Number of protein chains: 2
Amino acid sequence: MSDPTAPGPLAATAALMADPARARMLAALMGGQALTAGELARIGGVTAATASGHLARLADGALLVVHAQGRHRYYRLASEEVAAAIEALGGLAARLAPPRPWKHGEAARGARLCWNHLAGRLGVTVHQRLTGQGWLTPAAGGWDASIEGRRRLAATGIDLDRAASARHFACDCMDWSERRPHLAGGLGREMASAWMTRGWLRRAAAEGDGDILARRRLSLTPEGARGLHESLGIDAA
Amino acid sequence: MSDPTAPGPLAATAALMADPARARMLAALMGGQALTAGELARIGGVTAATASGHLARLADGALLVVHAQGRHRYYRLASEEVAAAIEALGGLAARLAPPRPWKHGEAARGARLCWNHLAGRLGVTVHQRLTGQGWLTPAAGGWDASIEGRRRLAATGIDLDRAASARHFACDCMDWSERRPHLAGGLGREMASAWMTRGWLRRAAAEGDGDILARRRLSLTPEGARGLHESLGIDAA
DNA sequence: CCGCCATTTCGCTGCGGCCCGAAGCATCCG
DNA sequence: CGGATGCTTCGGGCCGCAGCGAAATGGCGG
């Protein structure tokens, strides 16, 4: 007989996100970077001892994965699904408590990272442009790229082979600030990384972690704006 | 100064789902029906007094909405976003603990309700057929229907005007058992309701709530299988 | 108008968890 | 090899909250 009071998988997973310190850690990790236990302790606002316990629980629950390197232990989100669930929950919360609409400023709405891919208004604009022009075509479980689409994307510096080697080449991820999908999957990841190495996007510094969203914020450089206009016909603000 | 230990919106929302009794109630409400406080108390495995407190918190957190009718109070999920978040979280949990793969039997994988629209293998098949044939075309924030698509869908008894009056005509919702999207939005809702009134789909009874998923399970009738074959060219198992 | 029923409010008890300080390992550096 | 740093484990204190029974509220039927 299974205990009828046993916490189902849903409750167990939700409980992992239900603690303020853990939630802050997860939010910080939505920036896509791997962070050390110490950094996460500071972000969570707890001592190293407490943070260690939290991180162990999150890793045990398969929300995080650890990578030991020397005397540091780097934690990062375990998968795209985890990021999507956090994004979905965060979006829920945002919609019901908009008393201070965007205290983070409009900056975070413009462009930011969602786990490892591009989100925010720019991410949504790219999604609409690519699908609207037929450069991405519906495929099982997501999108595929047309011939012309591959040409255009390659012109922005994206390695399409690497994008195709991901579990999904391209699929939708709901953007919680724009309420429209942006691109996740291998293509989403490559867009973010290629455009950052090319200098089209820059992390909006802000090492002082006064704000959790700060780590996710991106800014489009002038070269990026020009590049996106020329190769994809996108005119970003 | 805002309290740095204040539970952010993410943690607050997650906490609402983190209690076993509340999670069971939410899971039951994923069937799309509105249930009374008493029924939810039984499903949650707690007394009416305890359940009342839980339901008040869920409603206060905007996860549920109440509808008072006589001396009964009917609770249902507040929105599509809430259902999507629960589905995302549930999917996370399912992937990391598949020791007993599908104790609910394969039945629930075949066809079930997700909030108010069709999910499961059938839902995914319909999604693939409609998009693969070009009967649904990518549009801002989801899908639009082509001329031929409208003709085919209308032939199955769907009221397209009512579907179009929803916030989204059609958009993707990730299916946690199939790992592929099925159709949500107005069209998803109309598909489920039209096909059920037409007798193509039937709720798989099971009033004895021994199983939470039971309330969501659907079965495709012989007429339904024939109808889907003739109008959409779908051959469901 | 009175009693029944579904639901909520109140007061209380008990468990689970979050948190920290101190101690124990592991790793890097001089 | 010894000290410093990063992280984890251990032990104990404390608060929050889920749980119940009992009593109050509000609708319904005779």
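Chain letters run A, B, ... following the sequence lines, proteins first, then strands; residues in each count from 1. These numbers come from a predicted model, not from an experiment. FYI, side chains are in, hydrogens and waters are out, and symmetry mates aren't considered; it's all heavy atoms of this structure.
Judged by distance alone, the side chains of B:H54 and B:R22 do bring a donor and an acceptor atom under 3.5 Å apart.
Per the geometry, CG belonging to A:L16 stands 17 Å off P belonging to C:dG16, to the nearest Å. Distance B:R73 CZ to C:dC5 C1': 16 Å, rounded to the nearest Å. One atom, CZ of B:R42, and another, P of C:dC5, lie 14 Å apart when rounded to the nearest Å. Distance CG (B:L40) to C1' (C:dT7): 13 Å, rounded to an integer number of Å. Whole-Å rounding puts the A:L35 CG to D:dC7 C1' distance at 16 Å. Rounded to an integer number of Å, the gap from B:R22 CZ to D:dA18 C1' is 8 Å. D:dG6 atom C1' lies 13 Å from atom CG of A:L55, rounded to whole Å. Put simply, CD on B:E39 is 11 Å from P on C:dA6, counting in whole angstrom units.
B:R162 meets the side chain to side chain donor-acceptor pair (under 3.5 Å) test with B:E190; sequence neighbours excluded.
Shortest non-hydrogen contact noted between A:T221 and A:R202 is CG2-NH2, 3.5 Å. Shown here for B:A184 and B:E80, the closest heavy-atom pair between the two residues is CB-OE2, 3.0 Å.
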Dump every N/O contact between nucleotides 19-24 of chain C and the protein below 3.5 Å, one line per pair.
unit_1	atom_1	unit_2	atom_2	d
C:dC19	OP2	A:H54	NE2	2.5
C:dC20	OP2	A:T47	N	3.1
C:dC20	OP2	A:T47	OG1	3.3
C:dC20	OP2	A:T50	OG1	2.9

side-chain contact (heavy atoms from CB on, under 4.5 Å) evaluation trace for A:L63 with A:M17: CA-CA 9 Å; A:L63 263 56; A:M17 307 183 181; 3.9 Å; yes
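A cation-pi geometry, defined here as NZ or CZ lying under 6.0 Å from the six-membered ring centre and within 45° of its normal, does not hold between A:R198 and A:W195.
At the heavy-atom level, B:A37 lies under 4.0 Å from the strands shown only through sugar-phosphate atoms.
Checked against D:dC7, C:dT8, C:dA6, the side chain of B:Y75 finds its nearest nucleotide in C:dT8. Closest contact between the side chain of A:T36 and the listed nucleotides D:dC7, D:dA18, C:dT7 involves D:dC7.
Note on A:R57: every side-chain N or O is 4.0 Å or more away from OP1 and OP2 of C:dG17.
Under 4.0 Å is where a charged nitrogen must lie from a carboxylate oxygen, and between B:E81 and B:R167 at least one such pair does. Ion pairing between A:E87 and A:R112 holds under the 4.0 Å rule for side-chain N and carboxylate O.
Of the residues A:I43, A:V82, A:L77, the one that meets the side-chain contact (heavy atoms from CB on, under 4.5 Å) test with A:L29 is A:L77.
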Sequence-aligned protein contact record of nucleotides 23-30 of chain D, with B where the base is within under 4.0 Å of a protein heavy atom and S where only the sugar-phosphate is: ----BS--
